[in-house]
Amino acid sequence: MINYDFSLLGKTKIPIDGIRQLFRIMKLTSLLLVIAALHVSAVTRSQTLSLAVKNRPLSDVFQQIKDQTDFVVVYNERFVNPDTRVSISVEHAPLTKLLETLLRPLSLGYHITEHTIVITALPEEQKSIRLGEQEAAPQRTVTGRVTDVTGKPLEGVTVAIKGTQTATTTDAQGNYRIIISDSKVLVFTIIGFEAHEQVAVGESVINVSLKASMSDLDEVVVVGYGTQKSADVTGSIARVSGKNITNAAVSNFQQALRGRVPGVTVTQNTGSPSAGVNIKIRGFNSITAGTQPLYVIDGHPIIVSEGNAGTNGIPGGVNPLSNINPYDIASIDILKDASAAAIYGSQGANGVVIVTTKSGATGNAQFQFDVSAGLQSVTKKLERLTPAEYAEHFIESRVNGWLRSGGDPDAPYDQRGSYTIPAIYVDPSRWNPTNWQDEIFTTGVVQKYNLSASGGGEHVRYAISGGYAENQGIIIETGMKNYTFRSNIDADINDRFKIGLRFNPSYSVHRQQNTEGHFTGTTMGSALVVSPLFGPFTESGEYTNFLAMRNPRGIGAVAPADNPIAKAREDHYDFERTRVLSNMFLEYKVLAQLKFRTSISVDGIFNRSNVFQSSKTGRGSQAPPTNPEGSASSGQTLNWLNENMLTYQHSFADKQQLTALIGASFQQNDTKNLTLSGDQFPGDRIPYLSAAGRILDGTANRNQWSMASFYSRINYDYGGKYLLTATIRRDGSSRFGQTNKYGTFPSLALAWRMSEEKFMEKMKVISNLKWRLSYGVSGNNAIPNYAHIPRVSNATYVLGANQSIVNAIYSADLANESLTWETNRAYNLGVDIELFDGRIGFIMDAYHSITDGLLLDVNIPAIAGFTSVLDNVGEVQNKGLEFALTTINAKSEFFWSTSFNMSFNRNKVTALSGAAGDFIDGGTAEGMRQSRTVVGKPLGMFYARVTDGIFNDWAEIENHVPQDNNPEPGDRRFKDVNGDGKVDNADRDFVGDPNPNFTFGLINDFSYKGFNLSLLINGSYGNEIWHNYAVGTNLNGNANQDAWVYRNRWKSSEEPGNGNIPKPIVGYSTLTDVDSDFYVHDGSYIRLANVTLSYSIPGRITQKTGFRTIQVSVSGQNLLTFSNYPGYDPEIGSGGGNPLAFGTDVNGVYPLAKLFTAGLSLQF
Amino acid sequence: MSMITNMKTHLNSLIKPYALVGIVGLVVLSGCDKFVTKYPIDQTSVENSFTTAEDANMAVLGIYQRLDGAYAQNMARLTEVITDNAYSQQDVLKGAGAVDLRELAEFRLTSENSFMQNRWNDLYNGISRANLVLERIVDITFSDQQQKNQYIGESKFLRALFYFDLVRFFGGVPVTLSPIMSSEEAYALARESEEYVYTEVIVKDLEEAAQLLPVSYGSNQLGRVTKGAAEALLAKVYLTVDKPELALPLLEKVRASATYRLMDEYAQVFDSDNTPESIFEIQYTADEAAVGNPYPNWFLPNDASSGKDVFGNGFLGGAGGGHAIPTSELYESYERTDQRRDYTFAPYVSALEGGEIQRVNKYRDAPASPNNSEDNLIVLRYADVLLMLAEAINEASGGPTDEAYEAVDEVRRRAGVNPWDRNLAYEGFKDQLLAERRRELAFENHRWFDLKRFGKAIEILSAKGYNIQAHHLLFPIPRIEVELNQYIDQNPGY
């Protein structure tokens, strides 16, 4: 096995296979490019045509034009009467000339896109100009470059010919090219800059530098059910533009938010290509009801936990938002404070992430083609025992076990009962040294293709795209393919009506591995613990049967782990998802100031999974050959939403502005799930249930929820100085008990733009100073659908001489009819400062949020018949401070900006329930009993015994209080925490905090000429990680393990190791596997998360190719990580959306990848 | 000031659209309650599920169904593995459960032991099921009053059985005889005295059950609790609380009813289900995974090398649970001619143990799949009644009588071993009776209770090297219960 090492620092080896594949991809790309280019050059407007008609309908003429040119002629019958009789006679006339001649007398205009001639009505004021000038105007090309005052090129500037519909946009270097007739005025516009007009008298090159307007303050921010100018925003809302999302080499848009927004923590639980991402906004506000924000995709709120039906048996999970192609995103707005999120009422408590996709703009079709391809590999490999050390550990732990159990020290190795040491361990010649990490890790190829087109005529605008992404995992036999499509259409039916469609079908296929879980039976977990003395295969080519090699009482030859290669290759965990998210809306302008909008959107999710466990793999500790087992699931979720709202907007004479919104929405979700499992397969050949000899179990579930909401918002702006936003929402949800069906969620926010005051006028340095103060109430309704209704479970019993199976029922749980949402009340105080015309920007927010009525499965005395009940108990507080500082350090041709953000969040549980001594232990998974949440401490604190070194001799043991595991010299000493004179499980204490002191992100952007370099560093400080996969492996004689642990072990009183690691011993798990602070590690890290270097080929070269822009880029992700954490990755360890057991590095989790990609982006 | 005037003028223009929306909103709202009320589709609710006689029947069977978890699945760990009858082969690396099992096998009892906690939880869950039936059945109209009585009798018997197990394991426990509807109620319950639990709950329930239950059932209802079962269990309760004089007439009544008899051969007791010897047994069938008995598989040795279980099935991967491997001392305690020995045990060559061991062979129906065997699990049988009769006489009369010897002889004769010499005093008879019960009822979940009832647990187990101390006679209350409920004190010594 070749070990691909992609470290930046020297010794770079590129795998030959990988390069070949990369070349193959590049060849394919070139081919596609050539085809695309040919296509474009076929479109020409200098075509000539001949035409002679007399008194024919206009439609006939259009038909003839179409026949001769292949151009489609499009018109709206409102303006154009196709039956109008016309006469025209031209010979070899240019198309444009012909159209002028034809349309001028009819007061019609036109514009030509790639394939279409759009006939338009001329605006009244233009008709005369157009008629007068068009005739003689000789056309010429004007090119030029648009920069800001510092010379930094501006991309995306609209360059329009004043009074016409002709326009173009600048490329990445600010270059544009436009064909004009003489003596025209060019208008240059872009958001954030003052519009500029320039008369083009005869020049062929016009370079323009634009003055920044109110910096970013004119930028429009999506606030939920509407937009607002950034300057007018009163709450805490952060925006990430689409450009930042596509530039980073990320496989989903959530990853692109990493490190960019203060108060927003983005972590991955697993590095699996399919897996989703956890986003935490301002700390955990809930314990059980979900901590993920509400995602609103083009107006449709999506709860990410929905749509998981049919994922049965699929490990690790699949990103529920993989249907969103990062390239399609125009912007992401994150509503962080409760005043902003309160408009989403009972769904807003965890913050809201609003994703807006790109829509088309009037103008010629703009195509964009992006391709990127890259290679990924594991960021780090763990140092496990060498074969020699493994054998030594095996022997040493058995000798210690034998002696402790009273065995005769002189007994030969093969006569020691359970502690027998097979000859192979003392005979290196029989070993087949294997590095299992090398066996399961591979270099994965990642590739992405995206093609989009956008543009529009006067009345219809479109943005359509198709994307394909393939991501081969870094563990063998894993990967995903994702197909996404989008069509965004907007149409102005007339002055009053506007309709639109957002249509986003997607399909993804995932090949997964059972990587997660305890080390038995998972690919990743097994690879870390199986014996390095054996290879994957025996001499006869069979899989090495590790489970069958075990001997007495589990203290035998190897760890009770399966052959990782067999697991990877023979077991199947296949998943596919089809998701169609579509939204149709209609806007009606009732009055000039009053707009009505109604929309219907539907989110359909169709999941299908197929799981097959082969006869060649074990089941738990059962050795193969096993009976193959399989299961198949399908899940279907249909979520529809109807929104209706009225928006009233009014500007008063004295600079007052009022915007009022009132709306109602209705949403319903219906989930159906079918799961079947079976066994008695004839073999492994057919991994589908159709081959199963017996269907063992089947379930078909269905559940629904519904929500009706009414909401209103008033924005009031006095003189651009005093801003007020008040919102209220009332939600009724089927999830809440009858007594608490409806909840009201109000908010109020005030802002004062101090910089607009008279007394600030002299302080030119300060271009913006805004204070914001808000209070809001929001809720969290992510609780089970029928939890407030006492339900009945069905079961069976057996009766009678014939052993008939009879039905039985019993009460399934203790119901709680008053169950309701969790309520989050939060204050936010913020300030926005901008100095030196935007050279320095500073945003700071302080917040305090209290969530009470936390939905908790409360432990209750089992006397009730049940051990827990879901109740609104509990309260958690988050206090925090976050800031972002943006500076422009250089603004000449060399441009350099720095953006630094930092977040401090302090989390504290202030109530759990009324009973005394309450606590909640984290996780139910095996080996995860170490986290405990109690009142007065942050969520998910690690709770375990406290180590106190190693007993070096008998005297130390005698001087210590009795310890419940009967220690001997070389065993671990624990503190008698409660001072009761003995050490047992009552002596556990809080030994670690998974919450970071702060997290930060640092972004540096450099550009020089066509080059652009972006560096993203992020990190976390002060959080601790529970190194869970070491539990049950270290020093117990059964597993491969961390080399650093074994190498520092206690050997004897003379060689005590590092003083904190006991001697190895087999068969005494109470000595070696006790949960203690030994497993707690500092999880702080600094990571070079993303580096992207791009180069835009200068316009003078691209012009010749027919492309507007050509950009090449290379990008790297997760390149360097500085951390003391001994596991794979501190981010994995700190991830997890479960507030009770986060910061736990679960056994065998799929590690993160380091990714290099090269990309090409073309616009034409 | 101008700001306010302006506001006024403009508010007027606002009112119209808002009024419109308000009207629309009101109309829509009225339809909302219905829209935001959803009931489970694939499940029923308690409200509408306990209303008919058939519901009552299913709910009673729901109590029986709890026997699987509460009684069968884990009982052997606390009654056999913990004693001198068996040890555990469980691999500690297999997980937390195995560690807990080892704790039991090595007599290191802690309040965190999951088996202890499961026992407590499952028994109270069974009690809650019985309580719900007993409360709801009152309002259900039956065309056949006899039927209603039977359901009440069954519920009371099962509730008594659950409380009996609780009190035998943990001592005085909190008592609730009606369903707990809110968690507050559960927090308010304190431990009752052992005496209270016996006299006010178990005895009363069983006396009433004995009144209400039929003597027998038709063949399609076999497996339900009978009058005889209630009487036999009540007798056992009286023996446990040292009232042999009250146990005696009940046992004689069971014998006199002639409803039950010893099977001719020991093997016949286990080879088929619901035999005339059986008084109450938990019903299983291997037809479906959901209703199979896991107990037999857990008793099978844990051995990875053969790739097959003892029945030759490959699916076990050669590894049974290894939860309860007979001690050689138990095996040796049988006489050579004792038919029970050869039925109860089978030799097994274990690579794991490095030689031949004895495995439990009492539950020998080949499982249909792991943890899914057809063997029923006997709770009460006539041989137990006979031995209890001898015990009651010995205790009540201060020594054995002929009737006592005859009862024992009947059991021994069937086993193919000689009757005892009739020269025993009280103490000697008691000792021999305990040993006889061990042989007759091995792996039927009696040993720990017998040792306790005979007052011999400490003497016998510590003589065999177990680390048993006086306080171990009561198991620790699960830690979480003590921590949650301020009225619950831990048993002394834990």
Side-chain angles (χ1 to χ4, degrees), chain A residues 417 547-548 550 552-554 560 594 621-623 626-627 646 648 650 652 654 656 662 664 696 701-702 704-706 708 710 732-734 741 786 789-792 795-801 803 805-811 859-865 867 869 915-917 926 985 1038 1069, chain B residues 2 6 10 17 21 25 28 32 35-38 40-46 49 58-59 61-62 64-65 91-96 99 112 120-121 124-125 128-129 132 174 176 180 183 186-187 189 219-223 283-285 289-291 304 315 317 319 352 480-481 483-486:
Chain A
L547 288 169
R550 297 173 58 220
R553 299 191 185 185
L594 185 67
S621 60
Q622 289 172 20
T626 49
N627 205 13
L646 276 169
Y648 178 82
H650 191 79
F652 301 80
D654 47 356
Q656 296 177 61
I662 182 163
L696 274 180
N701 306 323
R702 182 175 181 192
Q704 295 180 320
W705 60 260
S706 55
F710 305 91
S733 169
S734 68
K741 205 95 209 125
Y786 307 106
I789 298 171
R791 279 153 299 158
V792 163
T796 52
Y797 193 63
V798 179
L799 272 190
Q803 297 187 318
I805 292 162
V806 289
N807 290 315
I809 57 173
Y810 59 89
S811 162
N859 286 322
I860 55 169
I863 300 154
T867 52
V869 67
E926 191 172 16
N985 260 347
N1038 286 302
S1069 64
Chain B
S2 70
N6 263 318
H10 291 289
V21 171
V28 176
C32 265
F35 180 71
V36 293
T37 303
K38 300 275 178 211
I41 302 164
D42 56 7
Q43 250 182 324
T44 47
S45 65
V46 170
S49 284
M58 288 197 290
L61 291 168
Y64 281 96
Q65 193 267 343
D91 175 345
V92 290
L93 260 180
K94 270 182 167 176
V99 174
E112 280 181 276
W120 176 279
N121 295 351
Y124 271 111
N125 181 253
S128 82
R129 292 184 190 189
L132 189 62
T176 174
I180 286 179
S183 51
Y187 282 109
L189 287 173
S219 78
N220 68 339
Q221 296 293 304
L222 281 182
Q283 307 290 309
Y284 288 102
T285 178
V291 286
F315 57 73
L352 197 100
I480 193 156
E481 295 297 316
E483 290 183 7
L484 283 175
N485 189 339
Q486 55 175 321

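In what follows, chains are A, B, ... by sequence order, proteins preceding strands, each numbered from 1. Heavy atoms only: backbone and side chains are in, while hydrogens, waters and symmetry mates are out.
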Greatest number of heavy atom pairs closer than 4.5 Å to chain B - which of I789(A), N701(A), V792(A):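 That would be V792(A).
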Side chain from CB out, backbone as N, CA, C, O: work out which of these in [X] comes under 4.5 Å of a heavy atom of chain A, or both, or neither.
X: Q221(B); answer: both
X: T176(B); answer: side chain
X: N220(B); answer: backbone

Under a 3.5 Å distance rule, please check whether K38(B) uses its side chain to pair with a backbone N or O of S706(A) as donor and acceptor.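 No, the answer is negative, given that no donor and acceptor are paired below the 3.5 Å cut-off.
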Could you tell me whether the side chain of S219(B) and the main chain of A801(A) form a donor-acceptor pair under 3.5 Å?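 Pair absent, no side-chain N/O of S219(B) close to backbone of A801(A).
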Taking every non-hydrogen atom, the tightest pair across [X] and [Y]:
X: P861(A); Y: E481(B); value: CA-OE1, 3.3 Å
X: A808(A); Y: G62(B); value: CB-N, 3.5 Å
X: A862(A); Y: Y124(B); value: O-CB, 3.1 Å
X: N807(A); Y: M58(B); value: O-CG, 3.5 Å
X: Q65(B); Y: T796(A); value: CG-O, 3.4 Å
X: Q803(A); Y: Y284(B); value: NE2-O, 3.2 Å

Given heavy-atom pairs under 4.5 angstrom as the criterion, report whether the side chain, backbone, both or neither of S733(A) touches chain B.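 Contact with chain B: backbone only.
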Under 4.5 Å from any heavy atom of chain B, what part of I863(A) do you find: side chain, backbone, both or neither?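 For I863(A), the contact with chain B is made by backbone and side chain together.
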Selection from S45(B), S128(B), G223(B) maximising heavy-atom pairs under 4.5 Å formed with chain A: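 The residue among S45(B), S128(B), G223(B) with the greatest pair count is S45(B).
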Is there a side chain to side chain contact (heavy atoms under 4.5 Å, CB included) between Y797(A) and Q283(B)? Walk through the geometry before answering. CA-CA 7 Å; Y797(A) 193 63; Q283(B) 307 290 309; 3.8 Å; yes
